[in-house]
Asks: 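Input: one structure, supplied below.
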Amino acid sequence: ELLEWQRHDRKLKRGALRGNTFRLRVTALEADPAALEQRLQAVAARGVPNAFGPQRFGREQGNLRLAERWFSGELRPRRDERGFALSAARSLIFNAVLAERIANGTWETAAAGDPVQLDGSGSWFIAEAGDAALPKRLAALDVHPTGPLWGRGDPPGHGAGAELEQTVASRFPVLAEGLAVQGMDQERRSLRLRVADLAWQLEDDFLELSFGLPAGAFATAVLREVLDVD
């Protein structure tokens, strides 16, 4: 339900959005209040995996199928469809890398050679061996480990993290090679998402949440962790 809209005297250009605030209500809630409260506290303190939401892939994953057919030479999409296809292909590889990092318990950590991103910024640096301050900065959500937005060349890091990214990308050869052919460059995205100003009200059968996220982040990633659903 769209509650309010206003005109603005400037066109909103790509990259101009700093973030979004959300106020969500989950109704017909069936949950253990103590476990739910514990998950909410963990999300507020630790953040959540910064996965791309299902909407990035289109209805019935239509954007992803379009990318596969385009890169396979079956069709050439319209100009206005290409950005959706490219984004879906990159998002699938990123989510697959993130899933591996969650599975091996490293989605919140960084080793020497890993690209690490400053919170709230696109800037990143390569973690160095012996950086005693890095674990504290990671724990404070000041910096985050990153994953690949796939493109030409190799990921910028080195070590086990870079090897994992190459291994995961090799599972999707059509998408990885197609992104390179289309001129996409290797970029980085935080594997972890800080959830700003998280507040909640829990009643018997509903949960109301409010929080802020940076541009490019998905509220579904927060709901998935809070409600403990796939």
Side-chain angles (χ1 to χ4, degrees), residues 10-22 43 46-53 55-57 63 67 82-102 106-128 131 133-159 161-162 164-166 168-169 175-176 179-180 182-198 211-222 225:
R10 293 184 181 179
K11 181 179 180 181
L12 184 62
K13 298 180 180 179
R14 181 175 295 179
L17 178 65
R18 295 182 61 184
N20 294 290
T21 57
F22 298 88
V43 166
R46 299 172 55 190
V48 300
N50 191 20
F52 287 100
Q55 57 267 52
R56 175 57 62 96
F57 304 104
N63 295 338
R82 295 174 192 171
F84 294 107
L86 293 169
S87 293
R90 295 179 108 186
S91 300
L92 181 69
I93 296 174
F94 176 89
N95 278 3
V97 169
L98 176 57
E100 290 289 335
R101 296 281 296 258
I102 292 172
T106 63
W107 71 277
E108 298 176 279
T109 65
D114 285 348
V116 178
Q117 189 174 72
L118 300 176
D119 183 58
S121 168
S123 299
W124 55 269
F125 60 93
I126 301 295
E128 297 181 357
D131 184 351
L134 183 59
K136 295 180 181 179
R137 297 184 70 187
L138 286 163
L141 306 185
D142 179 46
V143 296
H144 308 287
T146 65
L149 296 176
W150 205 260
R152 297 178 290 190
D154 296 327
H158 57 83
L164 182 148
E165 291 173 11
Q166 290 280 17
V168 171
L175 299 180
L179 287 165
Q182 294 303 318
M184 304 299 290
D185 292 322
Q186 289 279 349
E187 297 179 282
R188 305 303 294 180
R189 174 182 169 93
S190 171
L191 292 174
R192 182 173 62 179
L193 176 63
R194 178 199 287 271
V195 182
D197 303 319
L198 177 61
F211 53 88
L213 297 178
F218 289 76
T220 49
V222 179
E225 295 302 308

Asks: Say you draw a straight line from CG of Asn20 to CZ of Phe218; how long is it, rounded to the nearest 0.5 Å?
Replies: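 Taking CG in Asn20 and CZ in Phe218, the distance rounds to 10.5 Å.
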
Asks: Which atoms form the tightest heavy-atom contact between Pro115 and Pro156, and what is the distance?
Replies: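 The pair with the smallest heavy-atom distance is CG-CG, 4.1 Å.
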
Asks: Might you point out which heavy atoms bring Leu175 and Ala67 nearest each other, and give the distance in Å?
Replies: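 Between these two residues, the closest heavy atoms are CD2-CB, 4.2 Å.
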
Asks: Could I get the full list of side-chain contact (heavy atoms from CB on, under 4.5 Å) partners for Glu128, not counting sequence neighbours?
Replies: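 By the side-chain contact (heavy atoms from CB on, under 4.5 Å) rule, Glu128 matches no residue at all.
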
Asks: At what distance, to the nearest 0.5 angstrom, does CG of Asp185 lie from CG of Leu149?
Replies: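 Answer for the CG-CG pair, Asp185 versus Leu149, is 11.5 Å.
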
Asks: Answer whether the closest heavy-atom distance between the side chains of Thr106 and Asp114 falls below 4.5 Å.
Replies: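 No - every pair of side-chain heavy atoms lies 4.5 Å or more apart.
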
Asks: Can any side-chain N or O of Arg101 pair as donor or acceptor with the backbone N or O of Leu164 at less than 3.5 Å?
Replies: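 Not confirmed, Arg101 side chain does not pair with Leu164 backbone.
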
Asks: Name all residues meeting the side chain to side chain donor-acceptor pair (under 3.5 Å) criterion together with Arg188; count only those two or more places apart in sequence or in a different chain, and write none if there are none.
Replies: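 Only Thr146, Glu165 meet the side chain to side chain donor-acceptor pair (under 3.5 Å) criterion with Arg188.
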
Asks: Is there side-chain contact between Arg137 and Leu118, with heavy atoms separated by less than 4.5 Å?
Replies: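 In contact.
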
Asks: Can you check whether Val143's main-chain N or O pairs, donor with acceptor, with Arg192's side chain at less than 3.5 Å?
Replies: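 Judged by distance alone, yes, a pair lies under 3.5 Å.
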
Asks: What is the minimum heavy-atom distance between Ala111 and Ala127, and which atoms define it?
Replies: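 Scanning both residues, the minimum pair turns out to be O-CB, 3.5 Å.
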
Asks: What closest approach, in Å, do Pro145 and Leu138 show between heavy atoms, and which atom pair accounts for it?
Replies: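 Closest approach of Pro145 to Leu138, heavy atoms only: CD-CD2, 3.7 Å.
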
Asks: For Ser190 and His144, which heavy atoms make the closest approach, and how far apart are they?
Replies: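 Nearest pair, atom of Ser190 first, then His144: OG-CB, 3.2 Å.
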
Asks: Can you name the residues that form a side-chain contact (heavy atoms from CB on, under 4.5 Å) with Ser91, not counting sequence neighbours?
Replies: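 Result, side-chain contact (heavy atoms from CB on, under 4.5 Å) vs Ser91: Phe52, Arg56, Phe57.
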
Asks: Has Arg194 got a side-chain atom pairing as donor or acceptor with Gly47's backbone, closer than 3.5 angstrom?
Replies: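 Flag not set: sc Arg194 to bb Gly47 has no pair under 3.5 Å.
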
Asks: My understanding is that only residues two or more places apart in sequence, or in another chain, count here; which of them pass side chain to side chain donor-acceptor pair (under 3.5 Å) with Gln186?
Replies: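 With sequence neighbours excluded, Gln186 shows a side chain to side chain donor-acceptor pair (under 3.5 Å) to no residue whatsoever.
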
Asks: Output all residues satisfying side-chain contact (heavy atoms from CB on, under 4.5 Å) with Arg82, sequence neighbours left out; order by chain, then residue number.
Replies: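 Testing Arg82 for side-chain contact (heavy atoms from CB on, under 4.5 Å), a comparison that skips the adjacent residues, returns Trp70, Arg76, Pro77, Arg79.
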
Asks: Taking side chain to side chain donor-acceptor pair (under 3.5 Å) as the definition, give me every residue that meets it alongside Gln166, ordered by chain and number, with sequence neighbours left out.
Replies: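 Once residues adjacent in sequence are excluded, the partners of Gln166 under the side chain to side chain donor-acceptor pair (under 3.5 Å) criterion are Asp154.
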
Asks: What are the two closest non-hydrogen atoms of Gly53 and Thr220, and how far apart are they?
Replies: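 Closest heavy-atom pair between Gly53 and Thr220: CA-OG1, 3.8 Å.
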
